[in-house]
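This report concerns only the one structure given below.
The chain is numbered in sequence order, starting from 1. Reckoned from all heavy atoms, side chains included, excluding hydrogens, waters and symmetry mates.
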Amino acid sequence: MLNDHTPNLYDEVPYPGYPFAQTHPDRLSTLATIFGLRPAPVTRCRVLELGCGDGANLIPMAFSLPESEFTGVDLAAQPVAAGRARAAELELHNLELRCLDLCAVDRSFGEFDYIIAHGVYSWVPPEVRERMLAVCRELLAPHGVAYISYNAMPGCHLRQMVREMMRFHVRELSDPRERVEQGLMLLRLLLQKFPGPQAAERDMYGSLLKEQLEDMQGWRRRETICHDDLAEINDPVYFHEFMAQAQRHGLQYLAEANFFEMQDYIYPPPLREFLRRFSPAQIVEKEQYLDFLKCRSFRQTLLCRSEASPDRDLNPQRVRELLIESPAQPVTSPPDLRPGVVQEFRGPRGAKLQTDDPLARAALWHLGQVAPRALRWSELLTAVRERLAAAGALPEDDGAEEILAEILLAAFGAGLVQLHVWQPHFVTTVSARPQANRLARWQAARGEPVTSLLHQTIEPDDVLSRHLMQLLDGTRDHARLCDDLVAALSGKQPVTLPDGTELSDPAALRQLIADGLAANLQKCAQMALLVE
C-alpha cells in the first residue's frame, strides 16, 4: 500500500479537485480564537492534508502563505504527480505532496498546527478511520485544529437508500463511467412511475428520487458520483458515534467549520428552550439533536486536543481581536441612521438581521460597501463614527462599542458577517493597468477553475472572461486590454456568450468587449482576483 505505483481508481477517474474555504487555516484559526484558544499564526504555520488529491486545495494556500509549510498525502499516484507538476510550475517551495497511504503517516512528519481531511473519513475502511484520528492526536500542536468532514446520519439514511439501489443495478459493470450513467438511468426509470410534472413531488418516495437525481445531474460531476455514491465504501455515522471515536483518541469537539451551523436561533421557542437545556459540557448531545432537527447528511467538524480548554461561554469582545467582513446590504439604501429606526440587512443564503442600534447599522452598511475587504476593529469604528457624525446620529453611550461587538458576533452566527485572523493582499479598485494574481492567470490559461485570493472557486462563465484574466498581467492599460482581447478572440469565432448566443461579427465583438470591459474588470476586483 506504500508503493507510489499501486493501481487506484482515483488514477483512472481523477476526482475533481477544488479549494475549500472552510478548510483554510484562516477559518480554523478564527474559530479556535473565538473559542479562546491561541492557535499558531496563519502566516507562519504548518498544515497537513490527508487525502490531498492533486493539491487543488493546498496549492492556493501555499501560494498566498509563502512563509507557512504545507504537506499533502494521498494514495493515488497520478493526482499527486499532477499536483507536484503544478507546484513546480508555480515555484512553490513550501509545499510537499507525497504519494503515501495515510496509515504510514507517523511522528517523523513532525508537528502540525492544522490538519485537514476533507471527503476521506466516510470512504475508507474502519482501520484507516482509526489511524486518521490517531494521526490527528499524535501530530496536532497543543492549540492546533483538525478538520474532518464526513457523511452524517440521519440525513444519509435517504441517500444510502438510493445509493444501494444504484449499486445493485450496476453490480455487473466494471467500467466506472458506464456505472455512473447506468446508475443515473435507473433513477430516471424509477421516476417513470410518477407521470406528470408534479406527480413525484406529491409522493414521499417520488420526491426523494427526484431530489437525488436532480442533485446528481445538477452541480455534481460524474467523477464525484463515481467516487462518492457508487464507491464500495461509503459509511455515514451519527455525530455522537464520530465523537466517541475521536474522544478515544484524545480529541474533543471544538466547532463546525461553518459557525452558523451550530446556532439554534432559527427554531421556534419550544425547540430553542429544549436545546438550551444542554450545558456547555453537553455540547456533543446538543449537536446531535441539531442533526436530528436538520436531518443533516454531512458534517465538517473541527477537533482539538482533549487537554485544550475551549471557552464555550463566548465573549463578544473577542470580535475586537479579529478582522470583520460582510457582504450584507441594507434593504433600504442608504440606510436610515437616525436613532430608533429599525433597519434590515440581508446577506447570502437568506441570512438577515434587523437592528435599531446606530453603530451596528453604520457598521454593516460600511462593511457592505468595502466588501470583500475585511476591516480591523479600529478601522471599522473610525468609519462608523464618521458616518454617524455626518448623519448627526453619533451616540454618547459609553457602552455602545460593547453592544456593537455583541451584534457582530450574533451576525457571525447568522452567517451575515465573516470573521478572520488574516486577510490576503488584494485590491478592490481597478487601476489604470489592472493585474490579476499570478495563480489566477496561470489557472485561466490552462482552462482550470480559478481560485480567488479568498480561497474560493470561480468558474469563468465564457471564453471572453477567461481570456481577459490571462491578459491582466499589469502591463496593459484598458485600451490595450480591449485590443488584445479582440485579437485573441478573433481567430476563435464565433464567440459563445454566457446566454448561449454566438457572436461572429468582428465589429460586434469589439463593441461587446469595449462596452463590457469596465464591468468585467470591476467584477474581477470584487472577486478578490486583483493585486497591485
Side-chain angles (χ1 to χ4, degrees), residues 20-43 45 47 113-116 140-149 243 251-266 275-276 278-284 286-287 290 299-328 347 349 351 353 360 363-364 367 374-381 401-423 454-455:
F20 298 99
Q22 66 270 31
T23 71
H24 195 282
D26 170 61
R27 177 74 64 87
L28 310 188
S29 179
T30 296
L31 286 163
T33 301
I34 284 288
F35 284 97
L37 302 185
R38 288 291 177 259
V42 169
T43 51
C45 66
V47 179
D113 304 297
Y114 305 99
I115 298 177
I116 303 163
L140 199 61
H143 280 233
V145 180
Y147 165 106
I148 300 180
S149 65
M243 282 311 307
L251 300 165
Q252 65 173 312
Y253 183 65
L254 178 63
E256 286 304 297
N258 291 320
F259 184 68
F260 63 85
E261 294 280 9
M262 303 176 67
Q263 311 309 308
D264 58 18
Y265 69 93
I266 61 174
L275 291 169
R276 289 171 185 176
F278 295 101
S279 70
Q282 296 173 301
I283 184 65
V284 171
K286 178 180 179 180
E287 286 290 317
L290 279 170
R299 265 190 173 267
Q300 301 174 100
T301 294
L302 306 188
L303 302 170
C304 59
R305 295 171 70 96
S306 58
E307 58 269 30
S309 301
D311 180 6
R312 300 212 172 272
D313 185 15
L314 299 186
N315 183 353
Q317 301 314 309
R318 291 192 185 119
V319 172
R320 296 170 180 254
E321 305 173 31
L322 301 167
L323 294 161
I324 306 158
E325 173 215 344
S326 177
R349 296 182 301 275
L353 179 146
L364 290 172
L367 288 169
L375 302 181
R376 298 189 181 280
W377 177 261
S378 58
E379 291 179 284
L380 180 59
L381 273 186
E401 292 183 16
E402 286 70 22
I403 294 172
L404 176 61
E406 292 175 4
I407 292 174
L408 290 177
L409 181 60
F412 178 52
L416 199 69
V417 160
Q418 291 297 323
L419 301 176
H420 305 273
V421 295
W422 168 83
Q423 179 171 249
L454 296 175
H455 207 61

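Formation of a donor-acceptor pair under 3.5 Å by the Tyr114 side chain with backbone atoms of Ala40 is found in this model. Not a single donor-acceptor pair under 3.5 Å links the side chain of Gln263 to the backbone N or O of Gly413. With hydrogens and angles ignored, the 3.5 Å screen pairs a side-chain donor or acceptor of Gln252 with a backbone N or O of Ala308. With Asp26 contributing its side chain and Trp422 its backbone, the two residues share a donor-acceptor pair below 3.5 Å.
Contact of the Tyr147 side chain with the Arg27 side chain is not registered, since no non-hydrogen atoms from C-beta on lie closer than 4.5 Å. A heavy-atom distance below 4.5 Å is not found between the side chains of Thr23 and Gln300. Between Val417 and Leu364 there is a side-chain heavy-atom pair separated by less than 4.5 Å. With contacts defined as side-chain heavy-atom distances shorter than 4.5 Å, the pair Glu287/Met243 does not qualify. For the pair Ile34/Leu409, a side-chain contact is recorded, criterion being any heavy-atom separation below 4.5 Å from C-beta on.
With sequence neighbours excluded, the residues forming a side chain to side chain donor-acceptor pair (under 3.5 Å) with Gln282 are Ser279, listed by chain and number. For Trp377, there are no ring pair (Phe, Tyr, Trp, His ring centres under 6.0 Å) partners at least two apart in sequence or on another chain. By the ring pair (Phe, Tyr, Trp, His ring centres under 6.0 Å) test, Phe20 is found to be paired with His118, residues two or more places apart in sequence or in another chain being considered. Ser378 meets the side chain to side chain contact (heavy atoms under 4.5 Å, CB included) test with Arg376; sequence neighbours excluded. When the ring pair (Phe, Tyr, Trp, His ring centres under 6.0 Å) test is applied to His143, no partner is found at least two apart in sequence or on another chain. Here Ala32 pairs with Leu37, Pro39, Val145, Leu254 under the side chain to side chain contact (heavy atoms under 4.5 Å, CB included) rule; sequence neighbours left out. Among residues two or more places apart in sequence or in another chain, the side chain to side chain donor-acceptor pair (under 3.5 Å) test is passed with Thr301 by Tyr150, Glu256. In this view, Glu261 and Lys294, Arg296 satisfy the side chain to side chain donor-acceptor pair (under 3.5 Å) rule, not counting sequence neighbours. Listed by chain and residue number, Asp264 satisfy the side chain to side chain donor-acceptor pair (under 3.5 Å) test with Arg276 (two or more places apart in sequence, or in another chain).
Taking CG of Asn315 as the reference point, atom CZ of Phe35 lies at 12.5 Å (rounded to 0.5 Å). Rounded to the nearest 0.5 Å, atoms CG (Leu367) and CG (Leu408) are 7.0 Å apart. Atom CG of residue Leu454 and atom NE2 of residue His24 lie 9.0 Å apart, to the nearest 0.5 angstrom. Taken from CG in Leu404 to CD in Glu401, the straight-line distance is 8.0 Å, to the nearest 0.5 Å. Between the CG atom in Leu28 and the CD1 atom in Ile116 there is a gap of 6.0 Å [rounded to 0.5 Å]. Note that CD1 of Ile115 and CG of Leu251 are 9.0 Å apart. Values are rounded to the nearest 0.5 Å.
Listed by first then second residue, pairs satisfying salt bridge (charged side-chain N to carboxylate O under 4.0 Å, His left out) with a partner in residues 404-416 number zero, not counting sequence neighbours. A ring-ring contact (aromatic ring centres under 6.0 Å, His included) check over residues 309-328, counting only residues at least two apart or in different chains, returns nothing. Screening residues 302-312 for salt bridge (charged side-chain N to carboxylate O under 4.0 Å, His left out), with sequence neighbours left out, gives Arg137-Glu307, Arg305-Glu307, Asp311-Arg318.
The aromatic rings of Phe259 and Phe412 sit parallel, their planes meeting at an angle under 30°, below the 60° perpendicular limit.
The minimum heavy-atom distance linking Pro316 with Ala405 is given by the pair O-CB, 3.6 Å. The nearest pair of heavy atoms linking Asp113 to Cys45 is OD2-CA, 3.3 Å. Among all heavy-atom pairs drawn from Val47 and Pro25, the shortest one is CG2-CG, 3.8 Å. For the residue pair Val42 and Ser29, the shortest heavy atom distance occurs at CG2-CB, 3.9 Å.
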Test log, rule side-chain contact (heavy atoms from CB on, under 4.5 Å), inputs Val421 and Leu322: CA-CA 5 Å; Val421 295; Leu322 301 167; 3.6 Å; yes
